[in-house]
> 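Input: one structure, supplied below.
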Amino acid sequence: MNIGILGLGTVGGGVVNVLNKNKNEIYRRSGVNIKVTYAAVRDINQARICPTGNLKLTQDPFAIVNNTDIDIVLELMGGTGLAKELVEAAIANGKHVITANKALIATHGNELLSLAKDNNVHLLFEAAVAGGIPILKSLEQGLSANKIEMVAGIINGTGNFILTEMRDKGRDFSDVLKEAQALGYAESDPTFDVEGIDAAHKLAILASIAFGCELQFDKVSTEGISKIEGEDVAFATELGYSIKHLGIAKQIDGKTQMRVHPTLIPKTHLLANVDGVMNAVLIKGNAVGPTLYYGAGAGDEATASAVIADLVDIIKDTVSDDILGWQSFETMPHQAEDDIESIFYLRLLATDKPGVLADITSIFAEHNISVEAVIQKKIDAQNNAHIAIITNSVKTVEMNTAVNEIQKNDFIQETVKIIHVETLD
Ligand code: NAP
Ligand code: HSE
């Protein structure tokens with residue numbers, strides 16, 4: 001399969017890098033060797049985040065959409081003018097198109113999807129909504145049995161990053177925005193992020209897929225984050241709320257509502273704890289109830305993950321033997337439980353006498369275990385100390401051996417309790 005990319009910036013560069021680094025996994029899942037052959041850029045001499053040695057670079061994007069060797073076009077340029085012309089030309093030339101361009105799909109998706117249907121090609125856009133989260137595939141596949149009642153989410157990474165940095169570090173709005181731009185999160189016109197337009201594009205797409213209706217970007221009521229001040233954040237916190245910028249779409253009595261605005265949500269809600277560039281989308285289906293999807297909302301490789309998932313879908317649907325991925329499972333060695341490294345929590349009941357903690361820690365030292373935290377409480381009538389210990393990350397075999405040795409001491413009054421600690425990084 002020959003792939004032509006329009007745009008080799010944050011997302012385009014990320015796609016090339018992820019295709020290289022996960023070549024074997026992607027082959028196993030698609031059954032096809034994917035080759036990116038051409039890429040169109042504005043400035044051929046600009047430094048790239050990906051290797052370009054195997055690519056033919058051109059400043060003429062039409063040379064890609066009109067090239068008969070190219071099977072699939074990835075539109076990763078952005079904008080709604082030239083990008084639209086290019087997507088139309090690619091589709092008219094019988095090529096499948098994948099785009100990350102929410103502005104294009106939200107404003108011209110109805111006509112482009114109908115053009116793709118007429119030309120019997122795919123037009124996919126998973127990366128257009130919530131970066132790396134496979135939210136459109138979840139709606140179309142995993143939740144296909146449901147009538148969707150509500151979609152509500154944090155769907156702009158830049159805005160959430162700004163709000164989080166302002167709240168946690170008291171940073172200045174424009175300073176954080178500059179950092180989001182440097183990290184490749186922001187749109188080429190960052191007012192799209194700040195004024196809620198980008199979130200409105202995404203919400204229009206989400207609502208269309210969730211409710212099975214046409215794209216209606218012009219019906220989304222839109223407010224950005226620029227009016228939120230430190231005082232609002234402080235009051236909201238005192239009242240038990242977090243301020244998050246949400247996109248909300250509901251279907252009530254056969255009518256659709258779509259709105260994007262800053263929203264106070266209870267601090268205890270999972271969405272209130274989605275920080276930085278992370279996005280999360282809550283979907284309520286009438287069979288499954290509420291479900292929540294969380295992940296990076298912007299950035300090169302996270303967005304590339306969604307673009308390549310579309311690529312694999314198209315390949316599986318069009319050229320590969322669908323079964324191949326399942327036939328090519330490898331036998332992988334299994335890690336023995338003893339070798340698994342973990343942090344551990346231990347709870348001990350020990351006679352309260354001098355030297356007990358020293359004896360425990362010297363056993364730890366023999367097994368290269370360090371103590372990260374310890375709490376000791378002497379609370380019972382039998383002169384027993386209740387001790388809780390958090391260790392560093394150690395091999396399970398070392399922990400079990402050390403605990404067996406500790407257990408043999410007379411000062412230990414009951415079986416030592418061990419629980420794994422996971423930082424889930
Ligand atoms: P970007 O870093 O600015 O990259 C845009 C690329 O398009 C650049 O390589 C640029 O070439 C090329 N380009 C622009 N105009 C061109 C023209 N007329 N002819 C040829 N090449 C042209 O943008 P991005 O962040 O990757 O975003 C691309 C798209 O993905 C946008 O639709 C955006 O909304 C969407 N998206 C972005 C993210 C993210 O995290 N960044 C996430 C999801 C979706 P030069 O490099 O030579 O200037
Ligand atoms: N500018 C967008 C954001 C990129 O910050 O969420 C991902 O769509």
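Both counts, for ligands and for their atoms, begin at 1 and track the order of listing.
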> Would you mind running through ligand 1 and noting each atom that sits below 4.0 Å from a heavy atom of L8?
6 (C), 8 (C), 9 (O)
> Taking only residues two or more places apart in sequence or in another chain, which ones pass salt bridge (charged side-chain N to carboxylate O under 4.0 Å, His left out) with R171?
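By the salt bridge (charged side-chain N to carboxylate O under 4.0 Å, His left out) rule, R171 matches E165, D175, E179.
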> Which of the atoms in ligand 1, numbered in the order shown and given with their element, are less than 4.0 Å from a heavy-atom of L82?
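Those qualifying, in numeric order: 18 (N).
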> Between H122 and D317, do the side chains contain a donor N or O and an acceptor N or O under 3.5 Å apart?
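Indeed, the side chains of D317 and H122 share at least one donor-acceptor pair under 3.5 Å.
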> To the nearest 0.1 Å, how far is atom 5 (C) of ligand 1 from its closest protein heavy atom, and which atom is that?
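Atom 5 (C) of ligand 1 sits closest to the protein heavy atom M77 O, 3.7 Å.
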> Please report whether ligand 1 has a polar contact with G9, defined as an N or O pair separated by less than 3.5 Å (distance criterion only).
yes
> Contact residues of ligand 2 with a heavy-atom cut-off of under 4.0 Å?
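Residues near ligand 2: K102, N156, G157, T158, Y185, A186, E187, D193, D198, K202, G297, A298.
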> Using a strict cut-off of 4.0 Å, indicate which atoms of ligand 1 neighbour a heavy atom of A40.
21 (N)
> Checking side-chain polar atoms at under 3.5 Å, does D193 have a donor or acceptor matched by the opposite partner on N156?
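Yes - a donor-acceptor pair under 3.5 Å links their side chains.
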> Test your reading of the structure: does T10 have an N or O sitting under 3.5 Å from an N or O of ligand 1?
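Such a contact does occur with ligand 1.
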> Can any side-chain N or O of H261 pair as donor or acceptor with the backbone N or O of E223 at less than 3.5 Å?
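Side chain of H261 to backbone of E223: no pair is present.
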> Shortest non-hydrogen contact from I315 to S30?
CG2-O, 3.8 Å
> What do you think, any protein heavy atom under 4.0 angstrom from atom 7 (O) of ligand 1?
yes
> Report, in ascending order of atom number, the atoms of ligand 1 lying under 4.0 Å from any heavy atom of G78.
31 (C), 32 (O)
> Which distance, rounded to the nearest 0.5 Å, do you find between the CD1 of I209 and the NZ of K137?
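Rounded to the nearest 0.5 Å, the CD1-NZ separation comes to 10.0 Å.
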> With a 4.5 Å limit on heavy-atom distance, are the side chains of V15 and V18 in contact?
no
> Any donor and acceptor pair, going by atom type alone, linking the side chain of R347 with main-chain N or O of I418 inside 3.5 Å?
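The answer is no, because no donor-acceptor pair under 3.5 Å joins these two groups.
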> Return yes if some donor-acceptor pair links the side-chain N/O of T58 with the main-chain N/O of D60 below 3.5 Å, else return no.
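Present.
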> Below 3.5 angstrom, do we get any N/O pair linking P61 and ligand 1?
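Between P61 and ligand 1 (N or O atoms, distance only) the closest approach is not under 3.5 Å.
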> Considering residues at least two apart in sequence or located in another chain, which fulfil the salt bridge (charged side-chain N to carboxylate O under 4.0 Å, His left out) criterion with E111?
K84
> For S370, what residues pass the side-chain hydrogen bond (donor to acceptor under 3.5 Å, both in side chains) criterion, not counting sequence neighbours?
N392
> Please check if a non-hydrogen protein atom sits closer than 4.0 Å to atom 23 (O) of ligand 1.
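Looking at atom 23 (O) of ligand 1, one finds that no protein heavy atom lies closer than 4.0 Å.
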> Should you measure from each heavy atom of E187, which atoms of ligand 1 turn up under 4.0 Å away?
33 (C), 34 (O)
> Hey, which atoms in ligand 1 end up nearer than 4.0 Å to a heavy atom of A127?
43 (C), 44 (C)
> Identify the closest protein heavy atom to atom 39 (C) of ligand 1: which residue and atom is it, and at what distance?
G184 O, 3.6 Å
> Mind checking whether G299 has a heavy atom under 4.0 Å from ligand 1?
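Contact present.
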> State, with a plain yes or no, whether a side-chain heavy atom of K395 is found less than 4.5 Å away from one of D338.
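No - every pair of side-chain heavy atoms lies 4.5 Å or more apart.
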> Please confirm whether Y185 comes within less than 3.5 Å of ligand 1 when only nitrogen or oxygen atoms on both sides are compared.
no
> If the contact criterion is a heavy-atom separation under 4.0 Å, does S188 count as touching ligand 1?
no
> Looking only at heavy atoms, is any part of R48 under 4.0 Å from ligand 1, and if so is it the side chain, the backbone, or both, or is it neither?
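The answer is the side chain of R48.
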> Taking the side chain as every heavy atom from C-beta outward, state whether L215 and I105 have any pair of such atoms under 4.5 Å apart.
yes
> Using 30° and 60° as the class limits, which term best fits the ring planes of F192 and H201: parallel, tilted or perpendicular?
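Rings of F192 and H201: tilted, as their planes differ by 30° to 60°.
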> If you look at every heavy atom in I135 and E126, which pair is closest and at what distance?
N-OE2, 3.0 Å
> Which bit of T99 gets closer than 4.0 Å to ligand 1, counting heavy atoms only: side chain, backbone, both or neither?
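Within the 4.0 Å criterion, T99 makes no contact with ligand 1.
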> Between R42, E126, E75, flag the one that comes closest to atom 16 (C) of ligand 1 by a heavy atom.
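Looking at heavy atoms only, the winner is R42.
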> Identify the protein heavy atom lying closest to atom 43 (C) of ligand 1, giving its residue, its atom name and the separation to 0.1 Å.
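Heavy-atom neighbour on the protein nearest atom 43 (C) of ligand 1: T303 CG2, 3.3 Å.
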> Ignoring hydrogens and angles, tell me if any N or O in the side chain of S242 forms a donor-acceptor pair with the backbone of I265 under 3.5 Å.
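Checked: no pair found.
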> Is V11 close to ligand 1, meaning an N/O of one under 3.5 Å from an N/O of the other?
yes
> Can you list the atoms of ligand 1 that are under 4.0 Å from a heavy atom of A298?
40 (O)
> What I'd like to find out is whether the side chain of I283 reaches to under 4.5 Å of the side chain of P290, using heavy atoms alone.
no
> Could you name the option among A100, A128, G7, G131 that has the heavy atom nearest to atom 30 (O) of ligand 1?
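Looking at heavy atoms only, A100 sits closest to atom 30 (O) of ligand 1.
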> Side chain, backbone, both or neither: which part of Q46 has a heavy atom under 4.0 Å from ligand 1?
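Near ligand 1, Q46 shows its side chain, while the N, CA, C and O stay back.
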